[in-house]
Each structure stands twice: as structure tokens, then as C-alpha cells.
Amino acid sequence: MIVDFHIHIGKKEHWHPWVNEHFKNLNPELYDNFDDIMNPEGLEKYLKKQGVDFAVILAENSPITTGVVSNEFVHDFCEGKGMFITFASIDPITEDEPSTELGRLVEEEGFKGLKLYPTYQQYNPNDEIVYPLYEEAQSLGIPVMVHTGSSIFKGSKVKFGNPLLLDDVAVDFPDLKIIMAHSGRGLWYKEAFFLAKLHENVFMEVSGLPPKNLLRYFPDLEENADKVLFGSDWPGLRSIKDNIEDVKALPLENSTKEKILGLNAAKLLGLK
Ligand SMILES: [Zn+2]
């Protein structure tokens, strides 16, 4: 089973010009055919062709840096598509009642997780302003994914991406599953690896990292075999299929590769 834990959807008009420019430069062919793929049927077909069985689809409420792909858009796009697993985006600073809104999105709109963007929305992920959201997510029994590591878009502040800031959250919310998106990309691989090993409730998601380099970033990856989650960060990177093949080619136990590519995610999300 293959689960892609990190997919963005949206329309060109949802993103700032520099974000569109980034997508275009990385994958011009995809960008030219964007409208054919960026609809519920198109994406479902595309992902299946790439070998993906389930995909986590992320809303993104980051008006300062990238743009706004609203929870409503994600909900409507994914409705009725069993392979799509929706994660909501709530900005704890600008949302009036963040935890009430999270409860509504989960209970009424069927969202299965929350994505936080501290580097894009500019706060420390262990700031008390975020705690009501963690509290609510823990009681709802949903995981929280937090962007960690580098962010290249204008207006983002990388200092908020240190995974070590999640140490507080992991300890204060022992029943909350915390997913470190990009596993500390660029600056903090050691910290991300250490936290995932130390805390039962912390996971490493490796999207945005070339799979070929995974053992260079995490030489003891096998020790965290139950904690690593595959993701592509599509449409920002090369083909998902190539990334899957690159994971399969790594000199790791077969069982570890199966866990990374889908079994860990299936367990975390309760997929059958
Ligand atoms: Zn992303």
C-alpha cells in the first residue's frame, strides 16, 4: 500500500505569483496541464497512475507567504473520493476561535487532521496561542502535521521551523500524534530524527527531501522504521512515481520500505 502524506491542491489564482513561478520552474509540463489534473477526477486518475492508493490533501491558509487554499475548497474537491484524506488549515493567530473551528471541520466536514504552517504563519509551534488547537486535536483524536525546516517562499521565517520546538508539544500532549513535515529540512535533520525516536507520538514525514538522500540525512533511518512517512509535496516536485521508486531502491530492509511508503501512514490514519 502506498500513502502519499503530503499533497497540495489549489487553483493558480489561490497562490501568489511567486508560488506559481516556483511550480512552473520545477515542473513546466505539469504546470501547462494544470487544469486537466487539478480537478477531483483528474487528480484521482493522476495519483492512481503514479501508484498512490491514499493521499493526504492539505488546505493552506497562509496569506502572507503562499496564498489561501481554503478548507471549504479542499472539502468540496475531496468529497466522495475515498482515496483523499483531508487535513484542515487553521491560523491560530488570525482565526477568532481556532479550536471551535477545528471541532466543526472535523465533526461536520469530515477532516481527518490539522496542518500547521508556523514558518508561513509566523509563530513558534510551542507558543501558548497554539495550545488550544493541540488540546482540541488530542480530544478529537486527530493528528497534527507541522511544517518544519526550510521554507523558500517570500515572507516565511525559517526560525519557526525548528522541530525541537515540538518537544514541548509532544510532552504536554502525550496522546496527540505529531507529524513533522519535511523532517527539519536543511537545518535540523538530527533534531527531527532524535525527537521521533524519543517520543512515541512524534513522526517524521519526509516530503520535499530527495529520497535518494534519505540515508545521508538520516544514517540510522532503520532505527526509526515505524516512524517515517512518505510524502511528495506535489505539485512542487518531480514525479511521485520516481520518488516511490527511489525509496524502493534504498538499501533498507524491505519491511522498512513498506512501512515508510504506506504501512506507517495506514496505521496512523486508521486506513484499511
Ligand atoms: Zn507542502
Side-chain angles (χ1 to χ4, degrees), residues 3-12 14-16 18-27 30-31 34 37-38 43 46-47 50 52 54-71 73-74 77-78 84-91 111-122 125 143-158 160-163 166 178-189 192 203-211 213-214 217 228-240 242-244 265 269:
V3 182
D4 188 329
F5 222 102
H6 198 124
I7 297 266
H8 293 278
I9 59 168
K11 298 276 179 197
K12 286 174 181 172
H14 291 149
W15 291 305
H16 292 310
W18 55 88
V19 180
N20 280 301
E21 202 55 34
H22 171 74
F23 289 152
K24 198 172 161 184
N25 289 337
L26 275 171
N27 202 336
L30 175 70
Y31 194 78
F34 214 55
I37 297 175
M38 209 44 104
L43 185 64
Y46 178 81
L47 291 175
Q50 298 289 314
V52 174
F54 292 97
V56 170
I57 309 287
L58 304 166
E60 180 163 7
N61 182 9
S62 304
I64 312 174
T65 45
T66 46
V68 176
V69 179
S70 70
N71 295 316
F73 178 82
V74 168
F77 189 104
C78 297
F84 296 156
I85 296 142
T86 51
F87 272 43
S89 173
I90 294 173
D91 184 335
F111 281 85
K112 297 286 189 286
L114 173 69
K115 167 95 188 271
L116 295 173
Y117 297 79
T119 56
Y120 294 71
Q121 298 163 336
Q122 302 184 349
V144 176
M145 182 197 272
V146 184
H147 177 104
T148 64
S150 62
S151 294
I152 54 162
F153 296 116
K154 239 193 317 193
S156 55
K157 294 188 175 171
V158 74
F160 299 121
N162 189 340
L166 294 168
I178 301 158
I179 299 151
M180 299 176 291
H182 317 304
S183 298
R185 181 172 57 199
L187 291 159
W188 300 292
Y189 296 123
F203 296 79
M204 301 166 52
E205 183 263 279
V206 293
S207 71
L209 308 177
N213 296 346
L214 282 180
Y217 303 147
V228 182
L229 307 162
F230 170 78
S232 65
D233 211 3
W234 186 91
L237 279 180
R238 57 203 267 272
S239 99
I240 300 172
D242 290 348
N243 280 341
I244 295 170
L269 296 166

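Source: prediction; values computed, not measured. Atoms within each ligand, like the ligands themselves, are counted from 1 in listed order. We count residues from 1, following the sequence as given.
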- Give me the ring orientation class for His14 and Phe73: parallel if the planes are under 30° apart, tilted from 30 to 60°, perpendicular past 60°. perpendicular
- Query: Protein N/O/S atoms under 2.8 Å of the Zn ion (ligand 1)?
  - Reply: His6 NE2, His8 NE2, Asp233 OD1
- Query: Hey, what's the ring geometry for His182 with His6, parallel, tilted or perpendicular (30° and 60° as the breaks)?
  - Reply: tilted
- Query: How are the rings of Trp234 and Tyr46 set relative to one another: parallel (under 30°), tilted (30 to 60°) or perpendicular (over 60°)?
  - Reply: tilted
- Step by step, would you call Ile9 with Met38 a side chain to side chain contact (heavy atoms under 4.5 Å, CB included)? CA-CA 7 Å; Ile9 59 168; Met38 209 44 104; 3.9 Å; yes
- Query: Picking from Phe87, Tyr120, Tyr117, what satisfies ring pair (Phe, Tyr, Trp, His ring centres under 6.0 Å) with His147?
  - Reply: Tyr120
- Query: In this structure, are over 12 heavy atoms from other groups packed under 6.0 Å from Lys24 atom NZ?
  - Reply: no
